[in-house]
Amino acid sequence: MRPCRADISRSALLANLALARSLAGQAKLTAVVKANAYGHGASLCARLLAPASDLLAVASIDEALELRASGIDKPVLLLEGHFEESELRIAVEHNFWLMLHNERQLAEAIAFKPDSKLCVWLKVDTGMHRLGLPPEQVSDAVRALRASKHIDEEIVLASHFACADQCDQEPALAQVKRFDEINQALALPVSLANSPALLSLTGVARDWVRPGIMLYGSSPLEQANRHSEQLQAVMGLHSEVIALREIPPGDGVGYGLAWRADRHSKIATVAAGYGDGYPRHAPNGTPVHVGGQAATLVGRVSMDMICVDVTDCPQVALGTPVELWGTQVSVDEVARQSGTIAYELLTRMPARVPRRLVD
Ligand SMILES: *Cc1c(COP(=O)(O)O)cnc(C)c1O
């Protein structure tokens with residue numbers, strides 16, 4: 001077998017969930033497993049997360065049905081609600097809850113006459129201007145939902161933060177203030193916090209929290225804090241050295257010979273490239289852990305391979321294990337060097353990389 005694989009750590013996932021739980025206090029928790037559990041494998045992660053979560057959350061009915069097909073029976077929240085009216089029947093049948101965010105969804109949910117009750121959350125736009133009803137439409141919407149005998153009485157009012165990852169908490173606190181004004185007369189149970197909010201803001205856990213990225217051990221915060229420092233990497237992207245050579249100073253490595261040796265160098269070729277989710281934009285110098293030692297990426301990332309300068313790692317041989325990211329090299333660091341965020345690297349992890357559950 002090709003050695004490139006993603007090890008998924010059960011203990012790290014459960015430790016991160018426990019951290020989210022402790023930050024959530026009395027709030028209920030929906031574990032976000034959209035986008036194939038941020039690339040980690042939806043059914044694998046959901047099976048581990050579900051027993052200690054109150055709810056699971058995904059982005060589409062297909063993702064929710066995939067959870068049901070793998071035997072998971074927790075209720076599942078569809079974070080963007082339904083896209084087509086026909087999904088409402090499937091939602092009731094499978095206990096999928098809908099986060100309604102626009103007038104069309106609202107009208108369709110109210111007109112729907114199912115056999116059992118439909119559970120809905122209502123999203124309000126408190127400043128991100130991406131999804132949600134405008135604040136002035138919320139009380140009418142709630143009245144209409146409450147008037148329908150087919151909608152479950154427990155309606156949760158939700159909103160989403162635009163800037164909870166930033167050091168400057170002012171924009172997030174302004175959203176909280178707007179949200180509290182909207183809910184003052186309604187007094188609905190509420191949900192505000194994603195991972196960055198849960199990690200960095202106080203008083204936002206409220207009734208329901210919605211952590212995603214933190215469960216997988218990546219910190220979304222601009223600046224780490226004492227909570228984010230406790231997160232444990234869940235995915236270890238591993239491979240092996242499949243070729244080794246020595247080159248004289250002045251010679252180049254890889255496509256375009258985009259890196260040149262300034263000394264006599266030992267170059268290890270590793271079986272992992274952008275076809276395995278490693279970012280093509282990772283620059284020379286990006287950290288790579290080879291056989292327990294720190295080394296650096298050199299030359300352009302190929303589809304199936306990268307090259308690593310192992311001149312200072314004398315014991316490297318064919319078959320030496322390599323960590324592209326995980327506990328030694330954080331995915332956040334690889335993302336930062338590559339001009340992106342861990343969310344993107346993780347969710348882009350392609351199907352060809354086998355996921356393997358480890359302790
Ligand atoms: C994806 C998502 C989350 C989780 O966000 P993280 O930053 O990964 O914690 C929470 N709420 C909504 C509505 C989402 O779409």
Side-chain angles (χ1 to χ4, degrees), residues 4-20 23 31-41 45 49 161-169 172 193-201 210-239 270 272-274 276-290 292-297 301 306 308 322-350 353 355 358:
C4 186
R5 62 173 202 279
D7 286 348
I8 305 300
S9 164
R10 175 205 313 262
S11 58
L13 186 68
L14 295 179
N16 297 333
L17 177 62
L19 176 65
L23 293 172
V32 182
V33 295
K34 64 189 176 186
N36 197 26
Y38 293 53
H40 292 65
C45 292
L49 293 167
F161 287 112
C163 307
D165 55 325
Q166 294 176 0
C167 297
D168 176 12
Q169 299 191 337
N194 54 359
S195 300
L198 195 53
L199 288 164
S200 68
L201 300 173
R210 314 187 302 267
I213 194 80
M214 70 176 288
L215 300 176
Y216 309 100
S218 155
S219 171
L221 301 181
E222 193 173 83
Q223 183 113 53
N225 68 15
R226 70 195 163 94
H227 301 310
S228 70
E229 277 163 1
Q230 294 175 55
L231 294 170
Q232 299 178 24
V234 173
M235 184 189 291
L237 181 59
H238 295 284
S239 192
V270 177
Y274 62 79
D276 304 297
Y278 194 80
R280 187 174 172 280
H281 290 105
N284 291 324
T286 302
V288 179
H289 220 69
V290 182
Q293 267 193 284
T296 56
L297 178 75
V301 172
I306 55 171
V308 180
V322 174
E323 181 192 283
L324 286 315
W325 64 63
T327 53
Q328 306 301 315
V329 175
S330 86
V331 66
D332 294 319
E333 174 63 11
V334 177
R336 196 184 61 75
Q337 296 248 2
S338 311
T340 183
I341 53 176
Y343 290 84
E344 185 180 42
L345 296 189
L346 295 171
T347 56
R348 284 194 175 177
M349 186 53 50
V353 177
R355 275 71 162 172
V358 298

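Because the structure is predicted, anything quoted here is derived from the model rather than measured.
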With a 3.5 Å distance limit and no angle check, can you tell me whether N16 reaches the backbone of Q232 through a side-chain donor-acceptor pair?
yes
Roughly how far, to the nearest 0.5 Å, is OG of S9 from NE2 of H40?
9.5 Å
Give a yes or no on whether Q223 atom CD has more than 12 heavy-atom contacts from other residues, nucleotides or ligands under 6.0 Å away.
no
Once you round to the nearest 0.5 Å, how far does CG of L324 lie from SG of C4?
6.5 Å
Do M235 and Y216 have side chains that get closer than 4.5 Å, going by heavy atoms?
no
Kindly say whether Q328 contributes a backbone atom to a donor-acceptor pair with the side chain of E323 at under 3.5 angstrom?
yes
Salt bridge check, R336 against E333: does any charged N sit closer than 4.0 Å to a carboxylate O?
yes
Distance col, row D7:CG vs L237:CG, nearest 0.5 angstrom, shows 9.0 Å
Note, L199 side chain near L23 side chain (heavy atom, < 4.5 Å):
yes
Short question: side chain of S338, backbone of T340 - any donor-acceptor pair under 3.5 Å?
no
Is any side-chain heavy atom of L14 closer than 4.5 Å to a side-chain heavy atom of S11?
no
Rounded distance [0.5 Å steps], NE2 in H227 versus OG in S219
11.5 Å
Keeping the roles fixed (side chain from S228, backbone from A224), state whether a donor-acceptor pair exists under 3.5 Å.
no
Could you state the interatomic distance from OG (S330) to CG (L231), rounded to the nearest 0.5 Å?
11.0 Å
Heavy-atom side-chain proximity of L346 to I213 below 4.5 angstrom
yes
Name the orientation class of the two ring planes belonging to Y38 and Y343 (parallel below 30°, tilted from 30 to 60°, perpendicular beyond 60°).
tilted
Mind checking whether V322 and V308 have side chains closer than 4.5 Å, heavy atoms only?
no
N/O donor-acceptor pair under 3.5 Å between Q169 side chain and L201 backbone
no
Would you say the side-chain atoms of Q337 pair up with the backbone N or O of P287, donor to acceptor, closer than 3.5 Å?
no
